[in-house]
**Q** 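Below is a structure I'd like to ask you about.
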Amino acid sequence: MVFIAKTTTPNEWKVIANTISTVVEEATFEATVEGLSFRAMDPSHVALVDLNWPNAAFDQYECDKQYKLTVRVDEFAKLIKRAGSKGSIEISAEDDDYLTLKLQNGYKKEFKIHLIESSSEASPIPKLSFNTKVTLKEESLEDIFNDINVLADHIIIESTQEGITFLGKSDAGQASVTLEKSSEHLLAMEVKENSRATYSLQYLVNMVKAAGAASENITAEFSNKMPLRLEFQLGDSGGRIHFYLAPRIEER
Amino acid sequence: MRKTDDQIRVTANSTNSQLVNGSTPPGLFVGRYGYPNIQLGPVLPPYYGDTEILDTPELWLGKSLDEIINYRHSLIHGNMRINVSNAIKGGRFIETLQELAMAAKPVDLEVRLSIKPKQQTSFDGDTLPFGPSAPLESFKSSNTTVDRRIEKAYYDKDLKTKNAIISLYENNVLISRIQKALSIGNLGMANSRKIVPTRWSITAVDDTISLDLIEKIKQYPTINEFRVYHLRNLDNIYVAILLPHLWEFEWIEAWFPKTKWNQEGHQPSVIGDHEGYSGRKTYASVGGCYYSTRLSTAEALNREKRQAGALLLREIHPGYSVPVGVWNVRESTREQLRHRPATFDNLPEALDYSFSKLTIRRERWISNSSLIKENLLQKRITDFS
């Protein structure tokens with residue numbers, strides 16, 4: 001068995017470990033000749049994370065065929081944290097028993113953790129076509145979600161040709177944030193059809209915090225009463241994380 | 001003088017002596033006022049015999065409210081004020097009570113009270129009502145046959161309280177016996193033993209056992225259908241809905257006007273609490289019944305080796321004139337979940353059936369249930385594949 005994936009900074013792995021830990025306790029990575037991927041839903045099947053990290057994004061990547069590598073996320077995340085803020089990470093496997101993490105930051109550290117048997121089922125990507133697509137700075141979207149979250153647990157996102165509006169309401173009050181099409185914070189916007197849908201803010205706030213950490217911009221896509229998809233870049237590496245979130249039926 | 005079960009109806013109001021001779025079920029009560037200096041002591045009826053049923057709620061299913069209240073009113077409570085740390089220090093009073101709490105069957109007692117016992121009528125709804133009580137001067141017990149399982153936990157002073165509770169439960173010791181053992185400081189690491197007020201110990205036992213069971217059921221596959229269980233007991237209506245999802249739990253109770261917690265109201269007062277898959281960090285505001293019904297539910301799922309989301313509803317109608325504790329609710333929901341359920345393909349159908357068994361209108365339940373709202377309003381990714 002040959003699998004080696006090396007990056008010169010620990011940032012991408014940190015983002016991945018944090019992102020994955022928001023949805024599952026055990027993570028199954030799929031390594032192929034093309035690169036590394038991960039896909040899983042959270043236990044309630046409301047959210048799905050889909051990671052795609054092509055081989056070209058690594059400093060070194062070797063994989064001779066398709067492997068499934070399953071780890072306990074809390075263990076894995078703790079080891080990734082040992083890399084500090086700089087330094088390279090090399091992850092490799094020689095057999096089905098262990099995953100080896102080599103961290104280099106002044107001195108060499110080597111950890112081996114047990115690979116475990118995967119108990120999760122395959123998570124198919126939902127079949128969706130999106131009528132609205134907007135791109136914002138990561139900070140802007142995080143800021144907007146936090147604004148609405150002060151007063152509400154759910155967010156209504158509404159798009160028209162004129163712009164996009166984020167709304168929240170609860171017994172405590174109402175909040176709204178509007179970005180007109182001309183706003184400098186709206187880096188790109190395409191609305192094929194006006195769209196309106198409601199989502200749980202708890203998921204969004206956690207996900208933007210975790211997956212957004214290495215992403216300059218975030219692209220959000222959705223349609224009327226349909227799931228939302230957020231796209232995060234994995235630094236400059238060429239990898240990306242898709243986060244799908246199922247909508248809520250709007251309460252009247 | 002030996003009495004038969006039928007004669008147990010004699011109420012303790014007939015007792016006007018300072019000397020009480022009788023068989024404790026075994027039973028004891030630890031108050032919570034003045035903590036850590038609390039009042040505690042044995043409970044016993046003024047006669048000898050097989051009095052076990054008087055303080056063993058597991059045996060009450062099928063009994064009427066009058067019968068249960070009679071059991072309770074026949075119990076005289078002698079009490080002494082003492083600091084909770086005395087569980088370790090010992091002394092004859094505490095040690096005798098600790099031994100009583102290990103008893104496998106009723107124990108004959110001779111109790112000397114400092115005044116004639118007086119009837120108290122305050123029921124707090126969580127613990128059980130009693131007959132008259134009075135300060136205790138002294139008491140003597142006859143030989144006690146101990147339950148080996150509890151005795152073993154008592155002598156194991158390296159066993160953590162939590163593990164002791166779970167081990168007793170797994171060895172089929174009744175919850176009411178585990179609770180007494182915890183309350184009198186019979187369980188736990190040597191230097192952490194404490195006397196625990198009865199009311200707190202009930203919830204501690206329910207909480208500890210159910211948390212352990214929940215960790216187990218999270219490993220099991222989910223049920224395959226929506227299920228509704230239904231039971232009427234003591235003018236309470238119980239409905240349990242199990243959903244083919246991951247573990248989550250909600251308990252909602254509705255007190256009708258003229259019941260204990262809604263004396264003045266004109267419409268039912270509805271309260272409840274919910275926890276998701278990862279559990280809760282704060283005490284459930286609805287109180288002890290939350291933990292006792294979570295135990296019933298986790299126990300039923302663990303028996304079947306299945307996982308589910310669970311919503312338990314209870315309507316308390318005016319015929320339930322005296323609340324007889326979380327015990328009644330635990331045993332009723334345990335019984336309910338042993339019945340054969342009605343099964344459905346989806347939540348709306350399961351809800352239609354559930355609401356046909358209840359009297360409060362549908363909208364009122366839904367607006368009070370975060371589990372229903374969440375399951376009706378939140379779509380899943382799999383709905384779009």
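FYI, side chains are in, hydrogens and waters are out, and symmetry mates aren't considered; it's all heavy atoms of this structure. This one's a predicted model, so the numbers in the text were calculated from it and none came from an experiment. So that the names make sense, note that chain A is the first sequence line, chain B the second, and so on, each numbered from 1.
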**Q** Given that the side chain runs from C-beta out, which part of A:Leu245 has a heavy atom under 4.5 Å from chain B: side chain, backbone, both or neither?
**A**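 For A:Leu245, the contact with chain B is made by the backbone alone.
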**Q** Could you tell me which of A:Ala47, A:Ser44, A:Ser123, A:Pro124 has the largest number of non-hydrogen atom pairs under 4.5 Å with chain B?
**A**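 Highest number of pairs under 4.5 Å: A:Ser44.
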**Q** Please check if the side chain of A:Arg248 supplies one atom and the backbone of B:Lys379 the other of a donor-acceptor pair under 3.5 Å.
**A**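 It does not hold such a pair.
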**Q** For the CD atom on B:Glu304, are there more than 12 heavy atoms of other groups (residues, nucleotides or ligands in this structure) within a distance under 6.0 Å?
**A**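 Atom CD in B:Glu304 is crowded, with more than 12 foreign heavy atoms closer than 6.0 Å.
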**Q** Shortest non-hydrogen contact from B:Leu376 to A:Ile249?
**A**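 Shortest heavy-atom contact: O-CD1, 3.4 Å.
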**Q** Might you confirm whether atom CD of A:Glu25 has over 12 heavy atoms from other residues, nucleotides or ligands at distances under 6.0 Å?
**A**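 Open: at most 12 neighbouring heavy atoms sit under 6.0 Å from CD of A:Glu25.
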**Q** Kindly check if the number of other-residue, nucleotide or ligand heavy atoms within 6.0 Å of CG (A:Asp96) is above 12?
**A**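 Open.
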**Q** With a cut-off of 6.0 Å (strictly less than), are more than 12 heavy atoms of other residues, nucleotides or ligands near NZ of B:Lys373?
**A**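 Yes, because the 6.0 Å sphere around NZ of B:Lys373 holds more than 12 heavy atoms from other groups.
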**Q** Taking atom NZ of B:Lys216 as the centre, report whether more than 12 heavy atoms of other residues, nucleotides or ligands fall under 6.0 Å from it.
**A**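 Counting other residues, nucleotides and ligands, NZ of B:Lys216 exceeds 12 neighbours.
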**Q** Restricting to non-hydrogen atoms, name the atom on A:Ala246 and the atom on B:Arg380 that form the minimum distance, rounded to 0.1 Å.
**A**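 Heavy atoms of A:Ala246 and B:Arg380 come nearest at CB-C, 3.6 Å.
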**Q** Less than 4.5 Å apart, any side-chain heavy atom of A:His45 and any of B:His245?
**A**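 Contact flag for A:His45/B:His245 side chains = no.
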**Q** Evaluate the criterion side chain to side chain contact (heavy atoms under 4.5 Å, CB included) for residue pair B:Phe384 and A:Met226; output intermediate values, then yes/no.
**A** CA-CA 8 Å; B:Phe384 299 93; A:Met226 294 296 279; 3.6 Å; yes
**Q** Apply side chain to side chain contact (heavy atoms under 4.5 Å, CB included) to A:Ser200 and B:Gln378, showing your working.
**A** CA-CA 8 Å; A:Ser200 160; B:Gln378 177 65 60; 4.1 Å; yes
**Q** Check whether any side-chain heavy atom of B:Leu377 sits under 4.5 Å from a side-chain heavy atom of A:Glu250, and report yes or no.
**A**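 Side chain of B:Leu377 against side chain of A:Glu250, heavy atoms only: no contact under 4.5 Å found.
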**Q** With a 4.5 angstrom heavy-atom cut-off, which part of B:Ile381 approaches chain A: side chain, backbone, both or neither?
**A**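 Both backbone and side chain.
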**Q** Tell me, yes or no, whether the heavy-atom count around B:Gln263 atom CD, taken from other residues, nucleotides or ligands under 6.0 Å, exceeds 12.
**A**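 Yes, because the 6.0 Å sphere around CD of B:Gln263 holds more than 12 heavy atoms from other groups.
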**Q** Looking at B:Arg280, I want to see if its CZ is surrounded by more than 12 non-hydrogen atoms of other residues, nucleotides or ligands under 6.0 Å.
**A**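 More than 12 within 6.0 Å, yes.
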